[in-house]
There are 2 protein chains.
Amino acid sequence: MSQTKKSILLALGRLIKHRRKAQKLSQEQLGFLSNLDRTYISGVERGIRNPSLTALVSLASGLDTTVSELLKDLETEVTNLNLNE
Amino acid sequence: MSQTKKSILLALGRLIKHRRKAQKLSQEQLGFLSNLDRTYISGVERGIRNPSLTALVSLASGLDTTVSELLKDLETEVTNLNLNE
DNA sequence: GTGTGACTTCAAGTCCGTG
DNA sequence: ACACGGACTTGAAGTCACA
């Protein structure tokens, strides 16, 4: 796993945690809302999971947002979002 | 795999194919640009692959766009983008 | 309420090829 | 140039017990 990938996943994790806190949800509650295991949420927030598109869709709707919104935030956080060079 | 997931992946595939054609790229060329195997690109376009976040990032930059842009298009195509109900 | 390690099953992703 | 397949290695999905 490249360093850039890691930083993307870490940024995603921070973002999701931030959104979750803003909604005053526990990982358990978000897990329920998104039909994902609480420990899986934990892994995503810590940046050790690389979620699939469908997992992202589940997460986003649990957080009452869309994937594109979520990733737009990610793109403002990660300045150089390029894996291919 | 639920029906909704399939329709999301099919929509993503159509979208990517459309973008790729617009750029006048072959699957092979896009594979090269995004550092992904050509057969994998083929699978994504046919909706039988569920790409990870990092794969999406790679694809997006190969298509000279961002993941959020790509998924915004997807959200306009897929009316009910909700896996959790 | 969360982090973490370990685990199994299944899909991601690559590489070989065919028509 | 692409769909499709087999075989392969790595990693994601999904869950558990424990601290």
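Numbered from 1 within each chain, the chains take letters A, B, ... in sequence-line order. Predicted model only: the values in this text are computed from it and were never measured.
To the nearest angstrom, C1' of D:dC4 lies 8 Å from CD1 of B:Ile48. Atom pair A:Lys5:NZ and D:dT10:C1' shows a separation of 11 Å (rounding to whole Å applied). In this structure, A:Tyr40 places its OH atom 12 Å from C1' of C:dA11, rounding to the nearest Å. Taking atom CD of B:Glu45 as the reference point, atom P of D:dC4 lies 12 Å away to the nearest angstrom. Straight-line distance from the CG atom of A:Leu53 to the P atom of D:dA12: 15 Å, rounded to whole Å. Rounded to whole Å, atom P of D:dA12 lies 13 Å from atom CD1 of A:Ile8. Remark: P of C:dG17 and CD of B:Glu28 are 14 Å apart, rounded to the nearest angstrom. In this structure, A:Gln29 atom CD and C:dG1 atom P are separated by 7 Å, rounded to whole Å.
The pairing partner recorded for C:dG1 is none, the criterion being a Watson-Crick or G-U wobble arrangement whose two distances lie under 3.5 angstrom. Across every strand in view, D:dA1 sits unpaired, with no contact that passes the Watson-Crick or G-U test at under 3.5 angstrom.
No more than 12 heavy atoms of other residues, nucleotides or ligands shown are found within 6.0 angstrom of CD on B:Glu28.
Looking at A:Arg38, its side chain has no donor and acceptor atom pair within 3.5 Å of the base of C:dG1. For a distance-only test at 3.5 Å, the side chain of B:Arg46 fails to qualify as a donor-acceptor partner of the base of D:dA3.
Residue contacts for B:Asp37: at a heavy-atom cut-off of 4.0 Å it reaches a base atom on one of the strands shown. Using a 4.0 Å heavy-atom cutoff across all strands shown, B:Leu36 reaches sugar-phosphate atoms only and no base atom.
Looking at A:Asp73 and A:Arg19, a side-chain N of the basic residue comes within less than 4.0 Å of a carboxylate O on the acidic one, giving a salt bridge. Taking 4.0 Å as the cut-off between side-chain N and carboxylate O, B:Arg14 and B:Glu77 count as a salt-bridged pair. Between B:Lys72 and B:Glu69 a salt bridge is recorded (basic side-chain N to carboxylate O distance below 4.0 Å).
Under the side chain to side chain donor-acceptor pair (under 3.5 Å) rule, B:Glu45 has a single partner from B:Lys17, B:Arg20, B:His18, which is B:Arg20.
Along DNA chain D, the nucleotide nearest to B:Ser52 and the one nearest to B:Arg49 differ in position, and the one closer to the 5' end is contacted by B:Arg49. Checking B:Leu25 against B:Asn50, the closest nucleotide of DNA chain D that is more toward the 5' end is the one next to B:Leu25.
Contact check, B:Thr39 against C:dC16: no side-chain N or O comes under 4.0 Å of OP1 or OP2. A close approach under 4.0 Å does not occur between any side-chain nitrogen or oxygen of A:Lys21 and OP1 or OP2 of C:dG1.
Considering only the side chain of A:Gln27, C:dG3 comes nearest among C:dG13, D:dA13, C:dG3.
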